Protein chains: 2
Amino acid sequence: MTIKVFIVDDHYMVIEGIRSLLQQEASIELVGHAMSVDSCLSFLRNQQPDVILMDINLAEQSGIELSATIKRLYPGIFILGLSTFNQQSFIRKMMDNGASGYVLKNVTREELVDAINTIVKGKLYLSHEVARSLRAAEDPEVPLLTRREQQVLTLIAEGLTNNEVAEKLFISPTTVDTHRKSLLSKLNAKNTASLVRIAAQLQLI
Amino acid sequence: MTIKVFIVDDHYMVIEGIRSLLQQEASIELVGHAMSVDSCLSFLRNQQPDVILMDINLAEQSGIELSATIKRLYPGIFILGLSTFNQQSFIRKMMDNGASGYVLKNVTREELVDAINTIVKGKLYLSHEVARSLRAAEDPEVPLLTRREQQVLTLIAEGLTNNEVAEKLFISPTTVDTHRKSLLSKLNAKNTASLVRIAAQLQLI
DNA sequence: TTGCCTATCCCCGAAAAACAGGAGTTTTCG
DNA sequence: CGAAAACTCCTGTTTTTCGGGGATAGGCAA
């Protein structure tokens, strides 16, 4: 029984690279590839692979959303996230959206094959590096902001003062100040400047 | 006369992908690849290709620095920058450091071959997308900051107040304030919060 | 039901930043 | 050289932020 694998990546050379890596593998059959969300979904309407290798950074839509869509339509397909960078926020989101594993694009052939063989059994697979960075990243966890805090944060970063934010959100300036204070405390910032920097680094704005 | 091409990328599948793309091209000969700065430099000590395809995001050191090094040691080698993202700051830096061209990793085979053939003649090559985004990015030009401004900016973004920055740089708090004012004006920010956000977006911090 | 969280609002005082000026010295570069 | 740019410092005033408080109300879950 060969494992049917489909690739979604908008980089032609990555597709070629994967194809070349998996060519030698008798147990794995590449059934196609897509460079866009649409062509991926239309392929799946006709044929379902066992495993999809999904780039996390697609041009139009993030691979994260596409994964969620696919998992909803075809729960039987296992998705392996693929990305250049080892950023725990992406990894978490990907796994939350139905992916069964995550590997970096610098994987070796052995590791990729191992990953595919693992997730097709319904198990999870994280490459060593990824798993390590997930553990390492547990300390500087990204705090969960409430909707209001997120709004206030965005407006503050745009340069609005408490008063201006208040006007925009139709709340009292003192309320905005309260949100600002909890933002400072949640993100462990000592003032607005460091708040914005930290938020930028955590991709919150 | 075949063109000797060398690849520097820390992603195995990208190397494989390029190899597969260029395999069919009789006029191009792949003479090797490197996944690290060291192995690249040691290869070059023995043999010099005509063209190096250089990933801009290497793990250890940025491809930008490595390009500068290579151009210094072997001015005759032409470098083609390679990256997943179309960010004008990277592209500019790459070109400033001796690269002869820049293409995104989603290039087609034709475009890649075209790029290699172009730069080996000593001309510059930018893929359409890249050139377009460079033009589009000319408006929000990144202002040149002076050394002092850069220092002050960094410390402000870390959350230091004027007084603290002053202490650290051994200058008067009022001077720091002056620098801050010119930063606000240069980056077109209305206060520190927006200053930090803009600086983060421009990769200044 | 009793908490907990979110969101809302308020007060105070101290500290910091923003705004508007002016002005001297050193460095850099054509 | 000489001008421009960079760096330095100053005095004010006004506005905003920050660090303490404390309070009410709704939703939701143990």
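Because the structure is predicted, anything quoted here is derived from the model rather than measured. Just so it is clear: chains get the letters A, B, ... in the order the sequence lines come, proteins before strands, and each one is counted from 1.
A distance-only check finds a donor-acceptor pair linking the side chain of B/Asp50 to the backbone of B/Lys4 [under 3.5 Å]. A/Thr118 places a side-chain N or O within 3.5 Å of a backbone atom of A/Asp114 that can act as its donor or acceptor partner. With hydrogens and angles ignored, the 3.5 Å screen pairs a side-chain donor or acceptor of A/Gln48 with a backbone N or O of A/Leu44.
A side-chain N or O of A/Asn162 and one of A/Asp177 form a donor-acceptor pair less than 3.5 Å apart. For the residue pair A/Gln150/A/Arg147, the side-chain donor-acceptor check at 3.5 Å is not satisfied. In this structure, a donor-acceptor pair under 3.5 Å is present between the side chains of A/Ser36 and A/Ser39.
Residue B/His179 places none of its side-chain N or O atoms closer than 4.0 Å to OP1 or OP2 of D/dA6. Proximity of B/Ser182 to the phosphate of D/dA6: no side-chain N or O atom is located under 4.0 Å from OP1 or OP2.
By the 4.0 Å N-to-carboxylate-O rule, A/Arg109 lies close enough to A/Glu25 to be salt-bridged with it. Between A/Asp9 and A/Lys105 there is a salt bridge, since a side-chain N of the basic residue sits under 4.0 Å from a carboxylate O of the acidic one.
Atom pair A/Gln151:CD and C/dT6:C1' shows a separation of 13 Å (rounding to whole Å applied). In this structure, the CG atom of B/Leu187 is 13 Å from the P atom of C/dA18, given to the nearest Å. Between the P atom of D/dG19 and the CG atom of A/Asn188 lies a distance of 12 Å, rounded to the nearest Å. Note: CZ (B/Phe170) to P (D/dT8) measures 13 Å, nearest angstrom.
More than 12 heavy atoms of other residues, nucleotides or ligands shown are found within 6.0 angstrom of CD on B/Gln203. Annotation for A/Glu167: atom CD does not count as buried by contact number, only 12 or fewer foreign heavy atoms lying within 6.0 Å.
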Short N/O separations, protein against nucleotides 21-30 of chain C, under 3.5 angstrom:
{"unit_1": "C/dG21", "atom_1": "O6", "unit_2": "B/Lys181", "atom_2": "NZ", "d": "3.3"}

Just the table, please: protein N/O against nucleotides 2-5 of chain D N/O, every pair under 3.5 Å.
none

Enumerate the protein-to-nucleotides 13-17 of chain D contacts in which both atoms are nitrogen or oxygen and the separation is below 3.5 Å.
{"unit_1": "D/dT16", "atom_1": "OP2", "unit_2": "A/Asn163", "atom_2": "ND2", "d": "3.4"}
{"unit_1": "D/dT17", "atom_1": "OP1", "unit_2": "A/Arg180", "atom_2": "NH1", "d": "3.3"}
{"unit_1": "D/dT17", "atom_1": "OP1", "unit_2": "A/Arg180", "atom_2": "NH2", "d": "3.1"}
{"unit_1": "D/dT17", "atom_1": "OP2", "unit_2": "A/Asn162", "atom_2": "N", "d": "3.0"}
{"unit_1": "D/dT17", "atom_1": "OP2", "unit_2": "A/Asn162", "atom_2": "ND2", "d": "3.1"}

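Considering A/Asn57, A/Ile18, A/Val107, A/Ile52 in turn, A/Ile18 is the only one that fulfils the side-chain contact (heavy atoms from CB on, under 4.5 Å) rule with A/Leu82.
Projected onto DNA chain C by closest heavy-atom contact, B/Lys190 and A/Ile171 fall at different nucleotides, the more 5' of which corresponds to A/Ile171.
Relative to the side chain of B/Arg148, the nucleotides D/dC9, C/dC9, D/dT8 differ in distance, and D/dT8 lies closest.
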Nucleic acid footprint by protein, nucleotides 25-30 of chain D - heavy-atom cut-off 4.0 Å, B for base, S for sugar-phosphate alone = ------
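The side-chain hydrogen bond (donor to acceptor under 3.5 Å, both in side chains) contacts involving residues 190-202 of chain A comprise A/Arg180-A/Thr192, A/Lys190-B/Glu164, A/Asn191-A/Ser194, A/Arg197-A/Gln201, where partners must be two or more places apart or lie in separate chains. Sorted by first and then second residue, the ring pair (Phe, Tyr, Trp, His ring centres under 6.0 Å) pairs with a member in residues 34-56 of chain B read B/Phe6-B/Phe43; sequence neighbours excluded.
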